[in-house]
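In what follows, chains carry the letters A, B, and so on, assigned in the order in which the sequence lines appear, proteins first and then strands, with residues in each chain numbered from 1. Since the structure is predicted, the reported quantities are computational estimates derived from the model, not experimental observations.
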Amino acid sequence: MNLPEHIALLSPSKNAEVALLELARQIANRDELEIQEVLSDSYILEVCSREKLGRKDKLKLVRAKLEQIRFPLLKDLESRLERCKKAIQKELGLTLELPAQLEGDTISLRLKFRSEVDVLNASKKLGSLAKMDQTKEIFSILSGEI
Amino acid sequence: MSIEPSASIISSSRPERILLAREVAESVLAKRVISRLPGVPVELVDDHQDPLRAKVGNSGLETRSRDFSAGKKDLLLCRYKGDWLRACPGTNSHVCCNLWTVNPGEGCPLDCTYCYLQSYLKRNPTLKLYTNTDEMLGAIEQKVKAEPSRFFRVGTGEVIDSLVWDDLTDSTLELVPFFARQSNALLELKTKTANIGNLVDLGSRYSNNTVVSWSVNAKPVNFEDESATASFDERLLAMAEVQEAGYRIGLHFDPLIYFSGWEDGYQDAVREIFEVVDPDNVAWVSVSTLRYKPEMQEVMETRFPESKIPYGEQFLAKDGKMRYVQPLRLKMIKFVWHQLKQVSNTLPSYMCMESPAAWRAVSGGAPVAGEELREVFTRKGRLNIIQPQGSEL
């Protein structure tokens with residue numbers, strides 16, 4: 001099986017080609033489509049035809065789209081969690097670490113202090129963190145409330 | 001509704017050839033099995049080892065898959081020479097239910113698409129029945145009697161369906177009365193068949209220490225991915241008969257499979273089961289989701305190209321098995337758990353091979369050995385097993 005011309009023109013490496021074809025094959029088998037149909041998804045065609053986008057960026061978007069089609073739930077959860085993390089980072093300057101591969105129910109946070117004032121400020125931030133909707137959403141997702 | 005309980009199962013499970021190890025040619029069990037498979041050719045072999053073992057050893061995927069399928073056509077009758085009673089291996093960093101296993105044979109003719117035996121027995125794909133069951137019973141008795149303060153929940157359904165060959169072997173006619181005599185051991189027969197004739201014949205005289213368990217799934221999964229097993233409805237009828245005969249029932253909602261409409265599918269399954277089964281007569285219910293070794297992904301795709309299971313949202317989890325992403329796993333388990341608890345809040349439910357995090361999310365904590373789960377998780381302490389009325393023990 002070869003890549004269709006609009007993707008082949010992006011000159012993916014051999015590894016990238018194998019990965020794209022494997023994703024497309026699995027989607028095709030699941031959805032009872034031809035592999036070429038999967039790789040000619042309208043979004044993929046549109047990405048490949050963008051004039052202002054570089055070859056590597058196009059390939060990145062094509063792969064992300066295929067992964068999104070292959071693992072819709074996982075990708076949706078990842079993007080929801082990422083949005084929550086970003087909102088928390090923006091609001092409180094705290095960077096949460098989620099369990100690897102979402103396996104587990106514990107999130108981590110590393111804090112550094114240079115004074116007791118820092119400790120006090122951090123405790124206030126933690127108080128705010130506990131009240132944020134995004135925090136609640138993270139724990140909900142990790143516990144299967146999706 | 002009336003069915004011949006085991007008719008469909010016997011026909012689909014009939015081997016095409018019997019391989020008879022020379023050293024067991026005169027055994028009672030071998031003669032019995034051969035006599036009940038008239039017309040099936042018998043070939044004497046010198047070795048008790050799996051005849052496909054050497055061939056499969058270094059072969060590639062396609063050959064392995066083909067040989068695994070080929071192994072389902074032969075039935076090797078031989079002696080078992082290893083340790084009979086073993087602790088279930090469980091899985092790394094997951095909560096284990098302390099089951100002991102004993103295997104009166106190996107391999108399963110039912111060939112469900114998601115069956116873990118496709119990787120677990122990849123080097124030993126030939127179906128086997130062990131003829132030295134007297135030694136098996138002896139080994140169990142020795143172990144159980146040597147540790148009288150320990151409780152043994154013993155399952156025969158780890159690498160073989162407990163009942164799939166029972167119409168050929170009559171093994172339950174030995175096992176069930178044997179366990180009925182034990183004071184600190186319980187037998188779990190785990191099946192996807194309706195092959196319950198012997199159990200019903202034995203009836204309540206010996207049923208006190210035997211739990212008859214069914215692996216159950218939503219009907220679409222049963223239809224698409226368990227095509228050689230008893231249908232969901234056939235299993236329900238078998239449950240009703242076995243319950244009527246005095247046995248307690250076990251249920252294994254395992255593996256839960258994600259598919260479009262899964263919630264309705266599992267809700268219906270729970271509802272229909274408990275229209276037949278008395279919740280007070282349920283010994284335990286386990287719930288868990290799909291899991292398999294990564295190498296099985298391609299084997300499934302090769303052997304069952306129609307199955308959609310390989311294309312679910314599973315990924316390599318930290319225990320080295322392909323699993324659904326944890327939030328989805330928990331959602332599915334919680335859903336079924338909730339359905340079960342709606343039937344009866346005291347239904348003894350547990351999760352098989354799930355993480356401590358899953359226990360916290362689903363049941364609010366680690367599996368504390370509450371009274372209803374005592375039989376599952378207890379390691380020590382003699383159980384007060386109730387002798388049924390009319391027991392001849």
If you measure from [atom1] on [X] to [atom2] on [Y], what distance do you get to the nearest 0.5 Å?
X	Y	atom1	atom2	value
L330(B)	L102(A)	CG	CG	10.5 Å
Q26(A)	Q297(B)	CD	CD	6.0 Å
L142(A)	Q326(B)	CG	CD	7.5 Å

Okay, L73(A) and chain B: the region with an atom under 4.5 Å from a heavy atom over there is both
Whatever's closer than 4.5 Å to a heavy atom in chain B on P99(A) counts as neither
R25(A)/Y311(B) under side-chain contact (heavy atoms from CB on, under 4.5 Å): CA gap, chis, key distance, verdict: CA-CA 10 Å; R25(A) 184 190 67 79; Y311(B) 311 116; 4.1 Å; yes
Cut-off 4.5 Å, heavy atoms of chain A, and the answer for F315(B) is side chain
>> Using heavy-atom distances under 4.5 Å, tell me whether I333(B) contacts chain A through its side chain, its backbone, both, or neither.
In response: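 The answer is neither part of I333(B).
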Answer key: most heavy-atom pairs under 4.5 Å with chain A among P310(B), G312(B), P305(B) is G312(B)
Is any NZ, NE, NH1 or NH2 atom of the basic residue among [X] and [Y] found under 4.0 Å from an Asp or Glu carboxylate oxygen of the other?
X	Y	value
K334(B)	E145(A)	yes
R329(B)	E103(A)	yes
R30(A)	E313(B)	no

Scanning both residues in full, the closest heavy-atom pair of S143(A) with A361(B) reads O-CB, 4.0 Å
Minimal heavy-atom distance between E301(B) and N29(A), with the atoms involved, is OE1-ND2, 4.4 Å
* Asked: Got V325(B) and Q101(A) here, is their nearest side-chain heavy-atom distance under 4.5 Å?
  -> no
- Using a cut-off of 6.0 Å, state whether more than 12 heavy atoms not belonging to F223(B) lie near its atom CZ.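 Atom CZ in F223(B) is not crowded, with 12 or fewer foreign heavy atoms closer than 6.0 Å.
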